Enquirer: 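Pasting a structure below so you can have a look.
As the structure is a prediction and not an experimental result, all values here were calculated from the model. Every chain is numbered from 1, with letters handed out A, B, ... down the list of sequences.
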Amino acid sequence: MSKQSIILATVTCTLLLSAIAWAAGNAHTVGQKNKKFSTSEVTAKVGDRLVIQNNDTVTHSLFTKDAGYKINEAQKPGKESTFELDKPGEITVRCAIHPTMVMKVKIEEQ
Amino acid sequence: MNAPERKSPNIVNRRPSSLHTPKLCFLLLFGAALTLPGAASATKGKKTDLHALKAQYKRPKTIPHPENNAYTKERSDLGRTLYFDPRLSRSGLLSCATCHNPAFSFGDGLPKGIGHGMKELDRRSPTLLNLAWATSMFWDGRATTLEEQALSPIQSTVEMNLPLHEMEKRIQNIKGYAPLFSAAYPGEKIDRHTVTKAIAVYERTIVSPTAPFDRWIQGDESAISKSAQRGFVIFNTSGKCSQCHAGWRFTDDAFYDIGLDDEDLGRGHILPGIEAVEHAFKTPTLRDAERRGPFMHAGSLTTLEEVVEYYNHGGIKRPSRSEHIGDLGLSPQDRKDLVAFLKTLTSPPISTEIPILPH
């Protein structure tokens, strides 16, 4: 096997393993309707994903700066955003426009 | 003194009892869905379920007071005394009531408030009507409770300009305050916490008395004109007003850029880097709007007609401007009806007893 082929195989394997690891993490899906999150608390593991859908008729503006996370995303109605939960900690996700929308996300170690 | 301070904080006792009249209750519960004549242009041919719309504007029966600062008459009386006491400002000239004057529906009637040294502030003084139900305070929402809010203007260098430790010393040195505090908060100190808690209790009693609109909601069909009734439908449909001015308080306590052309970033100042809230301000209540001009966060519009005309076009376009703002295409009659509706939100004045300040 040539050196190039070995490198290609290694890169492919790494990507494949990463994809498997990513896909293995759970997705926690949260909706937004009538200016409310569908749940006020989410408990997840590092490696999981937080999927936030805007099922509302108005734009929301998700944000948090907690525990090393930086979420700052305006979401028009019908849009969905996915955030990788790659660090442990507890974050509070809010809507900047509608301050009563508050959701705590606890990310535990694997 | 207004009724909730003097008696129980139960609003239902202060209101006409139309909702408790069996005949009217029957009509409200079982009457067929109504459509309003003349509202066709507002709804573009769609029928509007008036009963369903009206149900969204029913007033609550009691004032919500938090468990950790429950209502008592002693607390409310103390709060009202502090509210009118200009010694809470460095100059001794400004009290809470200076900018939130009961005679101006708890605003000040000026385009922008006047602070320490008679200097004009950046924003209009908002009314304190119905804040017991509010979930965010100030034009930019930088406080979430009345207890948190009340200390801010006292210590703000541009407003009352009195550091809190000095304020505490002043109030502690006024002997006449001691029995008022011990009656209101037995066993607690006279300090910033009890001062702000008492003011908050009083402020929660500032509730709009029943307006003609409320009587209409309760079933009195003659309480508001046909023009105002059409205006109500426009308000909830083609005018898009109720998207933000929602519910009986006519606010959703949320923050929007409505396209006014000024430099003030509003909520963008306290949440920097979030484009959606740049130039965004809290939706103000519309209760008593007729008495509370000039309007908008910096008093830039003088009359209700100007406000409605403004919204008909929606100001300047920019990335932060709310999706609710834009050309509405309201006819001159629609705009007239909207203004007629807004005037039905004017309540009888709240009778407020001016306290004798302790020495």
Enquirer: Using ring pair (Phe, Tyr, Trp, His ring centres under 6.0 Å) as the criterion, point out the one residue from Phe213(B), Tyr57(B), Trp133(B) that pairs with Trp248(B).
Expert: Trp133(B)
Enquirer: Counting only heavy atoms closer than 4.5 Å, note whether Thr59(A) contacts chain B via side chain, backbone, both or neither.
Expert: both
Enquirer: At a 4.5 Å cut-off on heavy atoms, which part of Lys76(A) comes close to chain B: side chain, backbone, both, or neither?
Expert: neither
Enquirer: Using only heavy-atom distances, determine whether the side chains of Asp48(A) and His28(A) contain a donor-acceptor pair under 3.5 Å.
Expert: yes
Enquirer: Taking side chain as everything from C-beta outward and backbone as N, CA, C, O, which of these in Ile274(B) sits under 4.5 Å from a heavy atom of chain A? Side chain, backbone, both or neither.
Expert: both
Enquirer: Please state whether the side chain, the backbone, both or neither of Asp253(B) comes within less than 4.5 Å of a heavy atom of chain A.
Expert: backbone
Enquirer: For Asp214(B), which of Arg287(B), Lys58(B), Lys54(B) qualifies under salt bridge (Lys or Arg N to Asp or Glu O under 4.0 Å)?
Expert: Arg287(B)
Enquirer: Go through the side-chain N and O atoms of Gln149(B) and Thr145(B) and say whether any donor and acceptor fall under 3.5 Å apart.
Expert: no
